[in-house]
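Each remark here refers to the structure printed beneath this line.
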There are 2 protein chains.
Amino acid sequence: MPVTKSTKLKPERVGTRSGTRLPDRRQGVTLADVARLAEVSEITVSRILRNHGPAAPATRDRVLAAVRETGYVPNRLAGGLASSGSQLVGVIVPSLTNIVFPEVLGGIRAALDGSGFQAVIGVSDYDLVTEEELVASLLAWRPEAMVIAGFDHTPAARAMLEGSGVRIAEIMEIDSTPIDLAVGHSHFQAGFDTGQYLLGRGYRRFGYVGHDWIADRRARLRHDGLVAALAQAGLSLLASQRIEGPSSVAAGREQLAALLAQGPKLDVVVFSNDDMATGGVFHCMATGLVPPQDLALFGFNGLDIGQALPTPLSTMRSNRFLTGKTAIELLLAQRVRPSQPQVVDTGYEILPGATA
Amino acid sequence: MPVTKSTKLKPERVGTRSGTRLPDRRQGVTLADVARLAEVSEITVSRILRNHGPAAPATRDRVLAAVRETGYVPNRLAGGLASSGSQLVGVIVPSLTNIVFPEVLGGIRAALDGSGFQAVIGVSDYDLVTEEELVASLLAWRPEAMVIAGFDHTPAARAMLEGSGVRIAEIMEIDSTPIDLAVGHSHFQAGFDTGQYLLGRGYRRFGYVGHDWIADRRARLRHDGLVAALAQAGLSLLASQRIEGPSSVAAGREQLAALLAQGPKLDVVVFSNDDMATGGVFHCMATGLVPPQDLALFGFNGLDIGQALPTPLSTMRSNRFLTGKTAIELLLAQRVRPSQPQVVDTGYEILPGATA
DNA sequence: CGCTTCTATGTTAGCGCTGTCATAACGCGG
DNA sequence: CCGCGTTATGACAGCGCTAACATAGAAGCG
């Protein structure tokens, strides 16, 4: 009878029921297979592959040859489980089609490069419930750190993040107190500075074109900052126009047309971001308005597209790449949460451009 | 004595060496903790959480309450290892800053939505060696399927992909034979069709503005298709200009200027994509050229920005979202590789626009 | 030459979960 | 009231890997 005894490791592989799991197991090569071929123990193979602990050159060569011969690919599920360290960083952003988020991811990747860590990206679509699901789902991979855009989370999501014990960076804004670490800049202040800058340039008759405030809370903060700067000078917005959907060049174009149709004579229009402002520039081009003489335009973000326009867009450049990079660097440098939440300002700068 | 029985499972936890691993283990709640609190076995909790197998309503409630109370988050590393199924799909794209890739990812996410699967994204930066590393790294997570942009891989990467046994979709192009599945459209044909379309509109004096062919092989295929169409009509490109770097609006603007400075009188310029073509439109605006009368411009991709221009860009629209979505749907519908590689054409269409 | 100190490798015991095979309890028809 | 099919639950044995603790041999040293 082939019902031997099922002892030690896995003699049944062939014994009990002629390869019980072989048919469906496409997995194939494991550490044990490599070890057998190289005639060493599994742990030796493991150590050599991770450059961990000493190893005789001869053994190392034998093992590496066996790895190559078998086409062994380590199983990180097993590795992570055994070492309780997944080498994973969870990242949650609201969108990938708004170019600022891929840019942040670029910074994250740059900082992760060579660290052995891998980013797992979740996209929330500006939806807090989706975000909560993503938090749960990413936490289930036992990441070593987590990066999430913004401060707005459902109570459940916040509880999970806090309770997870992993380091958390909330990025893109610093206008609230973070759970652990915030990296970004103040959108309120950016809006305020925009107002002051434009007032300094002599503009007095302000209009505003924006997009969805519920989803994009940061756009709203910039608006509020702008309004505050105007109020301080005894002024207010003469006209304002906002769509419910996401920002886009087409929306900016339409909304500026709608804003101008409202009537009040304006000398400057501030847009919620560069996409919208670029649309505004297009509207001016199509209708023969020449910025900044006929109408000044101001954006936010410092996107390439705005700078490549025939008349470069006047805007504020934020440091998306730096934000992502800094967040990861700080997270990995200190693996336990500090007692006090930390805030890092990656700043912004005015790009004068030629539209305001 | 509170040392009741706690036996069976892991009595040494407290016995042998007073919590050997407890201090450093921030992990916290495990299935066992939930099971203990709900007074059932671990497997029962596991089954209930996965809706797998029968469960008495009372037990289910007790378990769910315990989960809530403890804040339990399942460990997918352990789950994946035990069930040899990670519920992961690996995705490798060359870039995130070129908007077409986030759009593909959007399709992938849409198809994955509700399936319980999660995408792990790698970005190769148009570098095949980086891509190879990503293949190894993603395969180590034992994904159930893999999506990768393009057909160009190092031999090692190809071997890993083939040997892994998982289903592979090579997306964005269909001009070569895939390992398993290809989803996208023919870039050569798109270029050819562009040529035919423009010839049909009466253009005869063609110029070309492009970007990095080594990294972006698909742009080159479109160029080759265009040249083939011209050759068939006894024509050829009168002038051509190309940068080594990635495409951008600014680059398109500069390169069109350089192209026109070359001398030959042109009546149409074909660009490697819409970013470049938008830059071309900007150059015309800045220099007073009015498309299409003074110079016709043609792009590729059908991006929003091109359509929002004062004169909408004439271009070809490809279906990035559909490509991503289709790839995942086909991959998940059939979990074993078909004997024959399969090719799915997601097509493209001409957007007449107003610049050609 | 006995003893410490490396260096190279192995043994053992899980990591936290799930597949598989029991087992218990409950109808229910004959 | 026996046997049988359900339904609900549990025991057990790993998944593939690695931390922690041996162990064995080779130096190093007074």
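Sequence lines set the chain letters: A, B, ... in the order given, protein chains first and strands last, and positions in each chain run from 1. Since the structure is predicted, the reported quantities are computational estimates derived from the model, not experimental observations.
In this structure, B/Ser84 does not reach the D/dC15 phosphate: none of its side-chain N or O atoms is under 4.0 Å from OP1 or OP2. Taking side-chain N and O atoms only, A/Thr59 has no distance below 4.0 Å to OP1 or OP2 of C/dA8. Contact check, A/Arg50 against D/dT18: a side-chain N or O comes under 4.0 Å of OP1 or OP2. Contact annotation: B/Ser41 side-chain N/O to D/dG10 OP1/OP2 distance is under 4.0 Å. For the pair A/Ser46 and D/dT18, the criterion of a side-chain N or O lying under 4.0 Å from OP1 or OP2 is met. Within the 4.0 Å cut-off from OP1 or OP2 of C/dT18, not a single side-chain nitrogen or oxygen of B/Ser83 is found.
Around the CD atom of A/Glu162, the shell of radius 6.0 Å holds more than 12 heavy atoms that belong to other residues, nucleotides or ligands. In the displayed structure, A/Gln342 atom CD is contacted under 6.0 Å by more than 12 heavy atoms of other residues, nucleotides or ligands.
Following rounding to the nearest Å, A/Arg36 (CZ) and C/dG10 (C1') show an atom-to-atom distance of 16 Å. What separates CD of B/Glu42 from P of C/dC15 is a distance of 10 Å, to the nearest Å. Taking atom CG on B/Leu49 and atom P on D/dT9, their separation rounds to 14 Å, with Å as the unit. Atom P of nucleotide C/dG16 and atom OH of B/Tyr72 are separated by 10 Å, given to the nearest angstrom. Rounded to whole Å, atom C1' of D/dG16 lies 11 Å from atom CG of A/Asp33. Across the protein-nucleic acid pair, A/Trp141 atom CH2 and C/dC17 atom P stand 13 Å apart, rounded to whole Å. In this structure, A/Asp61 places its CG atom 11 Å from P of C/dT9, rounding to the nearest Å. Here C/dC17 presents its C1' atom at 14 Å from CG of A/Asn75, a figure rounded to the nearest Å.
Residue-to-nucleotide proximity on DNA chain C shows that, of B/Leu81 and B/Ile43, the 5′-proximal contact is made by B/Leu81. In terms of position along DNA chain C, the nucleotide closest to B/Ala78 lies nearer the 5' end than the nucleotide closest to the other residue of the pair B/Ala78 and B/His52. Heavy-atom nearest nucleotides on DNA chain D were determined for B/Glu39 and for A/Val45, and the one closer to the 5' end corresponds to B/Glu39.
Here the side chains of B/Val135 and B/Ile92 are in contact, with some heavy-atom distance below 4.5 Å.
Of the candidate nucleotides C/dT18, D/dT9, D/dG16, D/dG16 has the atom lying nearest to any side-chain atom of A/Ala82. For A/Pro54, the listed nucleotide lying nearest its side chain is C/dT9; candidates were D/dG16, C/dT9, C/dG19.
On a pure distance criterion of 3.5 Å, no polar donor-acceptor pair joins the side chain of B/Arg47 and the base of C/dG19.
A side chain to side chain donor-acceptor pair (under 3.5 Å) with A/His153 is found for exactly one of A/Glu132, A/Glu131, A/Arg158, namely A/Glu131.
Judged as a side-chain contact (heavy atoms from CB on, under 4.5 Å), and not counting sequence neighbours, the contacts of A/Val120 are A/Leu88, A/Leu138, B/Gln118.
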